[in-house]
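Everything below concerns the one structure shown next.
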Amino acid sequence: MTPPSTPQRLAGQNALVTGANSGIGEGIARELAAEGANVVVNYVVQPDAAEKICAEINAAGAGKAFPLQADVSREADVTAMFAAAVKHFGTLDIVCSNAGIQRDSRLADMTLAQWEQVIGVNLTGAFLCAREAVREFTRRGMRDVSRALGKIIFTSSVHQEIPWGGHCNYATTKGGIMQLMESIAQELAPQKIRVNSICPGAIETAINRKAWSTPAAATALKKLIPCGRIGVPADIARVAAWLASDESDYICGASIYVDGGMTLFPGFATGG
Ligand code: BGC
């Protein structure tokens with residue numbers, strides 16, 4: 001018996017994912033393509049990784065992908081990236097503002113460069129990509145691939161809620177993304193643009209390698225995760241594909257925590 005075919009929820013749509021050459025962004029790009037979307041795989045360094053991901057997506061036979069270099073903290077890079085994406089695919093329907101970095105330091109030792117780099121990529125980058133997304137959605141107008149004029153999905157973090165000593169630059173950007181997301185979701189909902197955030201907990205990627213790559217570190221990390229496992233990019237990517245699809249058409253301005261329960265204050269299970 002032939003198994004029932006799964007309909008591709010994003011067929012005919014075009015997506016751009018920033019920071020898609022590794023980690024969560026890579027997972028999102030692969031999942032959106034598997035759901036039928038064409039995908040721009042943005043990267044800033046490591047072109048080989050981006051090209052390999054695109055080649056694998058293209059060989060898989062669902063959505064098509066191509067790599068685009070841009071530093072999201074630079075306005076000229078972002079406008080050029082959106083222009084190139086629109087030239088290539090015709091328009092964009094889904095923009096995943098995912099690129100993020102950490103430059104960790106205790107406050108007293110934090111340099112202005114560490115502060116500014118993280119604000120630049122994580123927060124200014126999110127603003128620039130959201131602005132260009134909205135400009136493109138409104139220029140193009142409604143088309144019949146989705147009930148929405150466009151979808152913007154931010155990769156935020158549990159640290160938009162959980163304070164994080166030693167990482168105040170990073171946590172500040174995630175708190176900022178929450179207000180950016182909610183403010184523009186409110187502003188743009190009447191235009192049928194849906195804006196939401198995914199807030200990952202500890203996901204096994206290069207950004208937090210130190211926190212999971214030794215047995216002792218992984219054991220300590222799991223104490224912060226009630227469900228007892230460290231996440232993987234696919235945990236986030238599945239939610240991103242659903243948030244980009246019409247199945248979530250009534251979800252607008254939401255922060256969806258995908259964290260194995262990290263935001264449930266696990267210390268209070270036995271304390272307090
Ligand atoms: C950070 C990771 C960290 C996780 C949970 C993420 O936003 O990038 O380094 O492991 O939050 O604390």
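If you read the sequence from its start, that first residue is 1, and numbering goes on from there. Note that ligands are numbered from 1 as they come in the structure, with each ligand's atoms numbered from 1 the same way. Worth knowing before you read on, the calculation uses all heavy atoms, side chains too, and leaves out hydrogens, waters and symmetry mates.
Nearest protein neighbour of atom 10 (O) of ligand 1, counting heavy atoms only, is N208 ND2, 3.3 Å. Protein heavy atom at the shortest distance from atom 8 (O) of ligand 1 is Q102 OE1, 2.6 Å. Among protein heavy atoms, the minimum distance from atom 3 (C) of ligand 1 is reached at W164 CH2, 3.8 Å. When only non-hydrogen protein atoms are considered, atom 4 (C) of ligand 1 lies nearest to G201 O, 3.6 Å. The shortest contact between atom 12 (O) of ligand 1 and any protein heavy atom is with H159 NE2, 2.7 Å. Protein heavy atom at the shortest distance from atom 6 (C) of ligand 1 is Y170 OH, 3.5 Å.
The list of ring pair (Phe, Tyr, Trp, His ring centres under 6.0 Å) pairs with a residue in residues 238-272, not counting sequence neighbours, is empty.
Ligand 1 has at least one atom lying under 4.0 Å from a heavy atom of M262. A heavy-atom separation below 4.0 Å is not found between W212 and ligand 1. Residue-ligand proximity: A211 is placed with every non-hydrogen atom at 4.0 Å or more from ligand 1.
Ring geometry for H159 versus W164: interplanar angle under 30°, hence parallel rather than tilted (30 to 60°).
Counting heavy atoms from C-beta outward, P233 and T205 have side chains that approach closer than 4.5 Å.
Near S157, the atoms of ligand 1 lying under 4.0 angstrom from a non-hydrogen atom of the residue are 6 (C), 7 (O), 11 (O). Near I207, meaning under 4.0 Å from one of its heavy atoms, ligand 1 places the atoms 8 (O).
The pair R30-E56 counts as a salt bridge, with a side-chain nitrogen and a carboxylate oxygen less than 4.0 angstrom apart. Using a 4.0 Å cut-off between a side-chain N of Lys or Arg and a carboxylate O of Asp or Glu, E247 and R9 qualify as a salt bridge. Salt-bridge annotation for E75 and R131: present, with a side-chain N of the basic residue lying under 4.0 Å from a carboxylate O of the acidic one. For the pair R229 and D235, the salt-bridge criterion is met [side-chain N within less than 4.0 Å of a carboxylate O]. One finds no salt bridge joining R147 and D246 here, because no Lys/Arg side-chain nitrogen approaches an Asp/Glu carboxylate oxygen to under 4.0 Å.
In terms of polar-atom proximity, defined here as any N/O pair under 3.5 Å, S156 makes no such contact with ligand 1.
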